[in-house]
J.: 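Please see the structure below; I have some questions.
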2 protein chains.
Amino acid sequence: MNNYMQIHKYLKQFDIKPSVQRTAVMDYLMTHKTHPTIDEIYSTLSPFMPTLSKTTIYNTLNLFVEKGAVLHLSIDEKNARYDADISNHAHFMCKRCGKVYDLFDLKQELFNKPQLKNFDIHSVEISYSGFCGTCTGMN
Amino acid sequence: MNNYMQIHKYLKQFDIKPSVQRTAVMDYLMTHKTHPTIDEIYSTLSPFMPTLSKTTIYNTLNLFVEKGAVLHLSIDEKNARYDADISNHAHFMCKRCGKVYDLFDLKQELFNKPQLKNFDIHSVEISYSGFCGTCTGMN
DNA sequence: TTATAAAACTATAATGGTTACAAAGATAAA
DNA sequence: TTTATCTTTGTAACCATTATAGTTTTATAA
């Protein structure tokens, strides 16, 4: 079974009808774990899909987020970022270079939804910011 | 000592030169713990300060955040939100009514900055979202 | 297969939050 | 008082996102 069919199956698990465009976007997110912006996704895919519209990227990602297949990250004030890894993990954004990194090795308790009687919590986002090792020369 | 002078002293602690406008904005943030948007701050202050410009609100809040006197919240994708309470606490945003609530009663460990050799972490933002009690009728 | 309806995609325009810029005003120093 | 610096202001520009309407594709059913 090829990758295209695997992604089809994966999308269907989230009640998302596969299409060429949707499959390409999910494929991009799965193979580029860089928390890309809309523009990055569009710029990369566009040469291979000449009729592709940026609106479709917007529509597709809004659908993915709505269906729970993709995380919308608000860590970057300038542009929305997207992440196909929906497992519990946090993010770090370097204030100098702007890269967004995954932080997997944190205690899982961090991601527990607090049980509060006045709030029905659906999602958690844990974001750190500062300088990355590449920018400080400390790695 | 009046409130105006107290706020002057407070701003100076953050190396911020007080001015009428800056004092008014900090006063607003301290007395309105609703995590207001730029527009809300401007709309409220404007009638009392007829020459006030919205650009000044932007400039002022950018300065406050830069100096560490105010937190910029990215929990609301639509508008930046600001919080004069810089102590460790998390936020909850209701996806129906849009209100942003403070969550103070969480374990302080949540706000510990993980010691990672490749990342120099300056700040932490913990955001929850879902439905609030008012919107679900459950309180 | 063909006709019809629904869904998805596309291009363009509109929206709206934020920043850039330049001029005017206020403050501080000499 | 003069000069320099900082702050504020209004306008214009920018740019990410959404709205809209038309086209294309896909699904349904006769």
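Residue numbering restarts at 1 for every chain, and letters A, B, ... go by the order of the sequence lines.
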J.: Regarding E125(B) and S74(B), do their side chains bring together a donor and an acceptor under 3.5 Å, going by distance alone?
T.: yes
J.: Between T51(B) and E77(B), which has a closest nucleotide on DNA chain D that is more 5'?
T.: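 The residue closer to the strand's 5' end, by nearest nucleotide, is T51(B).
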J.: Send over the distance from L63(B) CG to dT7(D) P, rounded to a whole Å.
T.: 8 Å
J.: Choose from dT17(D), dT8(D), dT10(C) the nucleotide whose nearest atom is closest to any side-chain atom of Q21(B).
T.: dT8(D)
J.: Sort out for me which residue in T56(B), T55(B), I57(B) forms a side-chain contact (heavy atoms from CB on, under 4.5 Å) with Y42(B).
T.: I57(B)
J.: Just the rounded figure in Å: distance from P of dA8(C) to CD1 of I57(A).
T.: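 The distance from CD1 of I57(A) to P of dA8(C) comes to 15 Å, rounded to the nearest Å.
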J.: Using a distance-only test with no angle check, is there a side-chain donor-acceptor pair under 3.5 angstrom linking H35(B) and D76(B)?
T.: no
J.: Using a cut-off of less than 4.0 Å, is there contact between a side-chain N or O of Y58(A) and OP1 or OP2 of dT17(D)?
T.: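 Looking at the OP1 and OP2 atoms of dT17(D), one of them is under 4.0 Å from a side-chain N or O of Y58(A).
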J.: Nearest heavy atom decides the nucleotide; on that basis, is K17(B) or N79(B) closer to the 5' end of DNA chain C?
T.: N79(B)
J.: So for T55(A) and dT17(D), does any side-chain atom that can act as donor or acceptor lie under 3.5 Å from a complementary atom in the base?
T.: no
J.: Taking CE from M49(B) and P from dT9(D), how many angstroms apart are they, rounded to a whole number?
T.: 7 Å
J.: Name the closest nucleotide to the R22(A) side chain, picking from dC9(C), dT8(D), dT7(D).
T.: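 Per side-chain heavy atoms of R22(A), the pick is dC9(C).
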J.: Can T37(B) and D39(B) be counted as having a side-chain donor-acceptor contact under 3.5 angstrom?
T.: no
J.: In whole angstrom, give the distance that lies between atom OH of Y42(B) and atom C1' of dG17(C).
T.: 15 Å
J.: So, under a plain 3.5 Å distance rule, would you say the side chain of S19(B) forms a donor-acceptor pair with the base of dT27(C)?
T.: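 A donor-acceptor contact between them is absent.
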J.: Which one, dA7(C), dT18(D), dT19(C), comes nearest to the side chain of K78(B)?
T.: dT18(D)
J.: Just checking, any donor-acceptor pair under 3.5 angstrom between side chains of N62(A) and H72(A)?
T.: no
J.: Between C1' on dG17(C) and CG on L73(B), what's the gap in Å once rounded to a whole number?
T.: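 Taking atom C1' of dG17(C) as the reference, CG of L73(B) is at 17 Å.
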J.: Please classify the nucleic acid contact of T37(B) as base, sugar-phosphate, or nothing, using heavy-atom distances under 4.0 Å.
T.: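 Touches nothing.
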J.: Rounded to whole angstroms, how far apart are CD1 on I41(B) and P on dG17(C)?
T.: 14 Å
J.: Closer to the 5' end of DNA chain D via nearest nucleotide, is it I38(A) or N59(A)?
T.: I38(A)
J.: Identify which nucleotide among dT19(C), dA11(C), dC9(C) has an atom closest to any side-chain atom of T56(A), counting heavy atoms from C-beta outward.
T.: dC9(C)
J.: Mind calculating the distance between CZ (R81(A)) and P (dA16(D)) to the nearest angstrom?
T.: 12 Å
J.: Calculate the interatomic distance between L11(B) atom CG and dT7(D) atom C1'; express it in whole Å.
T.: 14 Å
